[in-house]
Amino acid sequence: MERNVESGADPGALACFAMSNVPEKPSLEGLEQRWAATWQATNTYAFDPTKSRDEVFSIDTPPPTVSGSLHMGHIFSFTHTDTIARYQRMTGKSVFYPMGWDDNGLPTERRVQNYFGVRCDPSLPYDTGFEPSAREGLGPDGKAFKQQIPISRPNFVELCGELVEQDEKVFESVFRTLGLSVDWSLLYATIDERSRRASQRGFLRNLARGEAYQQEAPSLWDVTFQTAVAQAELEDRDQPSAYHKLRFTLPGLEGEAGSDLLIDTTRPELLPACVAVVAHPSDERYTRYEGMMVTTPVFGVEVPMVFHELADPEKGTGVAMICTFGDTTDVTWWRELDLPARAVIGRTGRFIEDAPDVMSAEAAALYGRMVGKTIHSGKAEIVTMLQEVDAIVGEIRPITHPVKFFEKGDKPLEIVTSRQWYIRNGGRDRELGERLIARGDEMAWHPPYMQSRYTNWIDGLNGDWLISRQRFFGVPIPLWYSLDDNGEPRYAEPIAPHESTLPIDPSTDVPPGFDADQRGKPGGFMGDPDIMDTWATSSLTPQIAAKWEDDPDLFERVYPFDMRPQGHDIIRTWLFATAVRSHFEEDVAPWQHVCISGWILDPDRKKMSKSKGNVVTPIDLLEQFGSDAIRYWAASGRPGTDTAFDEAQMKVGRRLSIKLLNASKFALGMGDLVAALEAPVTEPLDLAMLARLASLVDECTKAFDEFDYARALERTESFFWTFTDDYIELVKNRAYGGRTPEGQASAHAALAIALDTMLRLLAPIIPFATEEVWSWWREGSIHTSQWPSSAPLFSLAGDASPELLAIAGQALSGLRRVKSDAKRKPRTKIVSGSITDSGDRLSALRLAIDDVCDAGAASNLELNEGNEFAVSAALEPDE
RNA sequence: GGGCCGUUAGCUCAGCUGGCUAGAGCGCUCGCCUCACACGCGAGAGGUCACAAGUUCAAGUCUUGUACGGCCCACCA
């Protein structure tokens, strides 16, 4: 391996042998490329598939979404995982650490649209010659696209694959630069063949066992993406809206004339979809109208007055109109009160052609004024119509209220009735929910309080998991339906492929027993047009990574996984969905340990995000500070804790790495430290340092065993600075041979042992600097070396008091202070002085007094017993 | 409204099962090119541990409550 080796022109000495690998001027620059290449070339992190289950540590990494670029949140949490992987590897485990790319789904579709300026139109035929003419969202004229070119689904999927491949190369490069000890030969992508096979197999098995089912039902629908979405993908956003007080007509009671019934609504445009009005069953203002019909304004449709607990007497006038469908409460009322459906909003978010059939011809004509309009302009139209008949009472009152959005969408969700596939998740089955909650107890949560998010989410579920999506780029639902004589699909009898044929695409593959030319014809068949939700595939990452069914031997050795690292924001989605699948498929929790990372906050304590424009690209930071420095920053963030993006902390990490190089250079300059590793340690100060080191090893081992990389780092770092600032200064003279040969040999041995141990303690956190130093004097990679053991260190230290190092350090500090207060140089000689301290501490200090005198350039130090620690000294005259 | 987390020096945070005279780094002040390191070294200033009550010989550390901040969920008439 090439290195800046000095010429060796110094005719000096054999002693230079040990120095021969140490650069004249150690530096962090270039370590990432050099060592990443070496690790790759020598398969340093290769998983050994012959190891038995108890010798394996397996990690189920959630594949990052390949939608453009990595952000600091990835760097943060992947570093956490990597420190654990490296620790486990050093304890002798064969670490199964695969990487995956989550490349199917909407983010990729959207990125392809923006990048190539296209959109998918499934009705178009495949264009074999299609070449995207534009890149990076710019048209041929260099300006942003005004219009997207429609292309066929196969063309669109091709472009997805092309773009994803480019992105994945960039991702891999960043992760290699960051120093992730991933076994890249285990790489998978959620759209690759193995993932599609596992995903479809998983679904078909859910179907066979009755855990998956289809249903024609109202569900939340994104009108922009034109797909159904699941509960886990929702978020609330505050939106401006307005109360409209509508005048319905109540029937006359006991011969009285009819009267007005006033109803507040924020969605007057859904009036034609009104199927009932609802009040609370104990609300006496309305209970007397039970069983009667009220009349809607404008359309004059008669709807029943119904009663339900969810109607809030305090809200508005205490009575609400039930429309199909304005919100999820409407769906509940509609279902529980067995009301008819009168849909008016179509899948595109516009008013549909056909007026509800309960309308009179006259009403239908009025409805005609809304047909084809968006929700927004439909609302304006109905307000006009209401005003024409004086059916809006008082002012329209603007409000702001939370509205459900698809987390990736920018228009409010509508509720549309459609046929969709679901997987049971306990949302409609309390017993199943309880069993899934119990699965959470089978996992050790780090930090423990994160388990409550899992439990709370299951407790709050209100429906099963909707997994079908009306999109293009993803894993297809692996089913066909036979067509009856009228060409209508028999949805109740789906045709499933045999598992051995997976993966399939029902839009091109032909079901058993049919010919290709029967597609779409009466008596023939059709493929299910939908793809699966991205979570339906990524919930199987343990199975995918472990090569489920494709490699049963591997599966046995890694599943269930030891560790699942992830952010707390995806507990409700990824973690939960994965638990559901493993519960059904393997009847087990998918992991033994769940390690939750926090978020990265910008210095103003806000979550960093692209929209806020406060995102810094990882690669720039890796280059600016060095990978070890960035890893240091990441590893400083305690498990589960949101952490500020802090360049100051990265500088500290860089400083630590550089210091490690320099301190190592000093130690290795002493002579043959490999031989010194076996030499006797005799000096009390050296033994005290080793006693401290032994305790440190225990602390770090315990911390890493508890997945607390941050604690391990903090302890090691703290010791390291004491080591360099106090210990090295104290023994420097002795190590150079300023006292006895025995004292020198003892110092060399202690330096060698301490360096060897500290490098290994730091290796999981700062793999580059430690590997660099390791290469100066040790064989092989530090990352496949053994994690330090405290026992030999305790044995060496014997009954030496670890306190001595601190006592001597304080004495030295006192001597320095005298010089600092006198504004004299640190090397100024102390001609006489005294140290006052307790008897116990003084008797300890006596054991290292020569080292203290040497480090302080002091002679004639008196030790006086007293209550207060104090140092006084007379300095040599100023020149 | 329900749940969870946090509140310790100007800033970012340690402080594990209660025993400290409350620590670190950054920043700040002063000094220093000391033969590993000026991408450095040394010294120093700086805190009634959010507030209140309680348990205890002893509380930053345990209990209860309050305030403030954050996150998740529920709340769409």
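The chains referred to below are lettered A, B, ... by the order of the sequence lines, with proteins before strands, and numbering in each begins at 1. The model shown is predicted, which means the values in this text are computed figures rather than measured ones.
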Trainee: Using the C1' atom in both, what is the distance from B:A22 to B:A58, to the nearest Å?
Mentor: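 Those two atoms are separated by 15 Å.
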
Trainee: Classify the nucleic acid contact of A:Asp330 as base, sugar-phosphate or nothing, counting any heavy atom under 4.0 Å across all strands shown.
Mentor: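 Contact class for A:Asp330: none.
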
Trainee: Is there a side-chain polar atom (N or O) of A:Lys819 under 4.0 Å from OP1 or OP2 of B:G44?
Mentor: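 No, no such contact exists.
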
Trainee: Would you mind reading off the distance between A:Ile571 atom CD1 and B:C73 atom C1', rounded to a whole angstrom?
Mentor: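 Those two atoms, CD1 and C1', are 13 Å apart.
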
Trainee: In terms of the nearest nucleotide of RNA chain B, which residue is placed more toward the 5' end: A:Arg267 or A:Leu28?
Mentor: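 Taking each residue's closest nucleotide, the earlier one in sequence belongs to A:Leu28.
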
Trainee: Distance check, P atoms only: B:A74 and B:C51, in whole angstrom units.
Mentor: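 Taking atom P in both B:A74 and B:C51, they lie 36 Å apart.
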
Trainee: Answer with yes or no whether A:Asp569 presents, from its side chain, a donor or acceptor under 3.5 Å of a partner atom in the base of B:C71.
Mentor: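 Answer no: no donor N or O sits under 3.5 Å from an acceptor.
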
Trainee: List in chain and number order the residues that pass side chain to side chain contact (heavy atoms under 4.5 Å, CB included) with A:Val818, two or more places apart in sequence or in another chain; answer none if no residue qualifies.
Mentor: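 Partners of A:Val818 under the side chain to side chain contact (heavy atoms under 4.5 Å, CB included) test: A:Val871, A:Ala873, A:Leu875.
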
Trainee: Please tell me if A:Thr329 has a side-chain N or O lying less than 4.0 Å from either OP1 or OP2 of B:C76.
Mentor: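 For B:C76, OP1/OP2 do have a side-chain N/O of A:Thr329 under 4.0 Å.
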
Trainee: In terms of side-chain geometry, is the basic nitrogen of A:Asp851 or A:Arg739 positioned less than 4.0 Å from the acidic oxygen of its partner?
Mentor: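 Salt bridge flag = no for A:Arg739 with A:Asp851.
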
Trainee: Do A:Thr724 side-chain atoms and A:Trp721 backbone N/O form a donor-acceptor pair below 3.5 Å?
Mentor: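 Looks like yes, one N/O pair under 3.5 Å.
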
Trainee: Where does B:C4 land, syn or anti, given syn is within 90° of 0?
Mentor: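 B:C4: anti glycosidic orientation.
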
Trainee: Holding to side chain to side chain contact (heavy atoms under 4.5 Å, CB included), I want the full list of residues that pass it with A:Ala648, two or more places apart in sequence or in another chain.
Mentor: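 With sequence neighbours excluded, A:Ala648 shows a side chain to side chain contact (heavy atoms under 4.5 Å, CB included) to A:Asp646, given in chain and number order.
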
Trainee: Just by modelled atom types, is the A:Gly856 backbone N or O under 3.5 Å from a matching donor or acceptor in the A:Lys819 side chain?
Mentor: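 Present.
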
Trainee: Please measure how far the P atom in B:C28 lies from the corresponding atom in B:C72, and state the result in whole Å.
Mentor: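 Going atom to atom, P in each nucleotide, I get 36 Å.
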
Trainee: Classify A:Lys823 by what it touches in the nucleic acid, base, sugar-phosphate, or nothing, heavy-atom distance under 4.0 Å.
Mentor: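 Result for A:Lys823 = sugar-phosphate.
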
Trainee: Measuring centre to centre across the rings, with the benzene-like ring taken for any Trp, is A:Trp633 within less than 6.0 Å of A:Phe625?
Mentor: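 Distance test on ring centres: not under 6.0 Å, no.
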
Trainee: Indicate whether OP1 or OP2 belonging to B:A14 is found under 4.0 Å from a side-chain N or O atom of A:Arg711.
Mentor: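 Checking B:A14 against A:Arg711, no side-chain N or O comes under 4.0 Å of OP1 or OP2.
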
Trainee: Considering only the C1' atoms, how many Å lie between B:C37 and B:C33, rounded to the nearest integer?
Mentor: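 Comparing C1' positions in B:C37 and B:C33 gives a spacing of 12 Å.
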
Trainee: For a quick check of understanding: with a heavy-atom distance under 4.0 Å over all strands, which category does A:Asp708 fall into, base, sugar-phosphate or nothing?
Mentor: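 Nothing, no heavy atom under 4.0 Å.
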
Trainee: Pick base, sugar-phosphate or nothing for A:Ala311, based on heavy-atom distances below 4.0 Å to the nucleic acid.
Mentor: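 If one applies the 4.0 Å heavy-atom cut-off, A:Ala311 turns out to touch a base.
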
Trainee: Can you check nucleotides 33-35 of chain B for protein contacts, nitrogen or oxygen pairs under 3.5 Å, and list what you find?
Mentor:
from  : atom 1 : to       : atom 2 : distance (Å)
B:C33 : OP1    : A:Lys825 : NZ     : 3.2
B:C35 : N4     : A:Arg827 : NH2    : 3.0

Trainee: Figure out the CD1/P separation between A:Ile570 and B:C72, and round it to whole Å.
Mentor: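 Taking CD1 of A:Ile570 and P of B:C72, I get 14 Å after rounding.
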
Trainee: Taking atom C1' in both B:C32 and B:U48, compute the distance separating them and give it to the nearest angstrom.
Mentor: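 Rounded to whole Å, the distance is 37 Å.
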
Trainee: For A:Arg237 and B:C75, give me the distance from atom CZ to atom C1', rounded to whole Å.
Mentor: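 The answer, rounded to whole Å, is 18 Å.
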
Trainee: Who passes side chain to side chain donor-acceptor pair (under 3.5 Å) against A:Arg237, sequence neighbours left out?
Mentor: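 Side chain to side chain donor-acceptor pair (under 3.5 Å) check on A:Arg237 returns A:Glu235.
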
Trainee: Taking the side chain of A:Lys659 as its heavy atoms from C-beta onward, which of B:G42, B:C76, B:G40 lies nearest to it?
Mentor: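 Minimum distance to the A:Lys659 side chain belongs to B:G40.
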
Trainee: Quickly work out the A:Leu660 CG to B:G40 P distance and round it to whole Å.
Mentor: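 One finds 15 Å between P of B:G40 and CG of A:Leu660, rounded.
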
Trainee: Name the nucleic acid region contacted by A:Ile728, choosing base, sugar-phosphate or nothing; use a 4.0 angstrom heavy-atom cut-off, strictly under.
Mentor: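 Base contact.
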
Trainee: Given B:A43, B:C37, B:C73, which nucleotide is nearest the side-chain atoms of A:Arg572?
Mentor: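 From the listed options, B:C73 comes nearest.
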
Trainee: Nearest to the side chain of A:Arg816, which nucleotide is it out of B:C37, B:G42, B:C76?
Mentor: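 Selected nucleotide (nearest to the side chain): B:G42.
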
Trainee: Applying side chain to side chain donor-acceptor pair (under 3.5 Å), name anything that partners A:Arg397, two or more places apart in sequence or on another chain.
Mentor: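 Applying side chain to side chain donor-acceptor pair (under 3.5 Å) to A:Arg397 gives A:Asp264.
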
Trainee: Let me know the distance between CE of A:Met670 and P of B:C37, rounded to the nearest Å.
Mentor: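 A:Met670 atom CE is separated from B:C37 atom P by 11 Å.
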
Trainee: What is the distance, rounded to the nearest whole Å, between atom CZ of A:Arg715 and atom C1' of B:C13?
Mentor: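 Whole-Å distance recorded here is 13 Å.
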
Trainee: Heavy atoms under 4.0 Å, any strand shown: does A:Gln231 hit a base, just sugar-phosphate, or nothing?
Mentor: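 Sugar-phosphate only.
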
Trainee: For A:Arg638 and B:C13, what is the distance between atoms CZ and P respectively, to the nearest whole Å?
Mentor: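 Rounded to the whole Å, the gap is 11 Å.
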
Trainee: Quick one: which of B:C75, B:A14, B:C41 gets closest to the side chain of A:Lys404?
Mentor: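 For A:Lys404, the side-chain atoms sit closest to B:C75.
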
Trainee: For nucleotides 1-4 of chain B, tabulate all protein N/O to nucleotide N/O atom pairs closer than 3.5 Å, reporting atom names and distance.
Mentor:
from : atom 1 : to       : atom 2 : distance (Å)
B:G3 : O2'    : A:Asn456 : ND2    : 2.8

Trainee: Please, which pairs that meet side chain to side chain donor-acceptor pair (under 3.5 Å) have at least one residue in residues 701-712 of chain A, sequence neighbours excluded?
Mentor: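 Qualifying pairs: A:His80-A:Tyr709, A:Tyr87-A:Asp705, A:Thr701-A:Trp787.
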
Trainee: Both A:Asn462 and A:Lys25 contact RNA chain B. Taking the nearest nucleotide for each, which residue is further toward the 5' end?
Mentor: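 Its nucleotide being nearer the 5' end, the pick is A:Lys25.
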
Trainee: With a 4.0 Å cut-off on heavy atoms, is A:Leu310 in touch with a base, just the backbone sugar-phosphate, or nothing at all?
Mentor: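 Counting heavy atoms under 4.0 Å across all strands, the contact made by A:Leu310 includes a base.
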
Trainee: Name all residues meeting the side chain to side chain donor-acceptor pair (under 3.5 Å) criterion together with A:Asn456; count only those two or more places apart in sequence or in a different chain, and write none if there are none.
Mentor: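 For A:Asn456, no residue satisfies side chain to side chain donor-acceptor pair (under 3.5 Å) once neighbours in sequence are set aside.
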
Trainee: Below the 4.0 Å mark, does B:G42 have OP1 or OP2 next to a side-chain nitrogen or oxygen of A:Ser813?
Mentor: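 False: A:Ser813 side-chain N/O out of range (4.0 Å or more) of B:G42 OP1/OP2.
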
Trainee: What's touching nucleotides 25-29 of chain B from the protein side, N or O pairs under 3.5 Å?
Mentor:
from  : atom 1 : to       : atom 2 : distance (Å)
B:C26 : OP1    : A:Arg655 : NH2    : 3.1

Trainee: Mind checking side chain to side chain donor-acceptor pair (under 3.5 Å) for A:Gln239 and listing every partner two or more places apart, or none if nothing turns up?
Mentor: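 Expected list: none.
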
Trainee: Check whether any side-chain N or O of A:His244 sits under 3.5 Å from a backbone N or O of A:Ala242 as a donor-acceptor pair, and report yes or no.
Mentor: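 Yes: the side chain of A:His244 pairs with the backbone of A:Ala242.
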
Trainee: Considering residues at least two apart in sequence or located in another chain, which fulfil the side chain to side chain contact (heavy atoms under 4.5 Å, CB included) criterion with A:Pro826?
Mentor: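 If we apply the side chain to side chain contact (heavy atoms under 4.5 Å, CB included) test to A:Pro826, skipping adjacent residues, there are no hits.
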
Trainee: If you look only at pairs with a residue in residues 625-638 of chain A, which of them pass as a salt bridge (charged side-chain N to carboxylate O under 4.0 Å, His left out), with sequence neighbours excluded?
Mentor: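 Found A:Asp82-A:Arg631, A:Arg638-A:Glu714.
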
Trainee: Rounded to whole Å, how long is the line connecting atom CZ of A:Arg817 with atom C1' of B:G44?
Mentor: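 Taking CZ of A:Arg817 and C1' of B:G44, I get 9 Å after rounding.
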
Trainee: How far apart are the closest heavy atoms of A:Gly440 and A:Trp445, and which atoms are they?
Mentor: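 For A:Gly440 versus A:Trp445, the nearest heavy atoms are O-NE1, 2.8 Å.
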
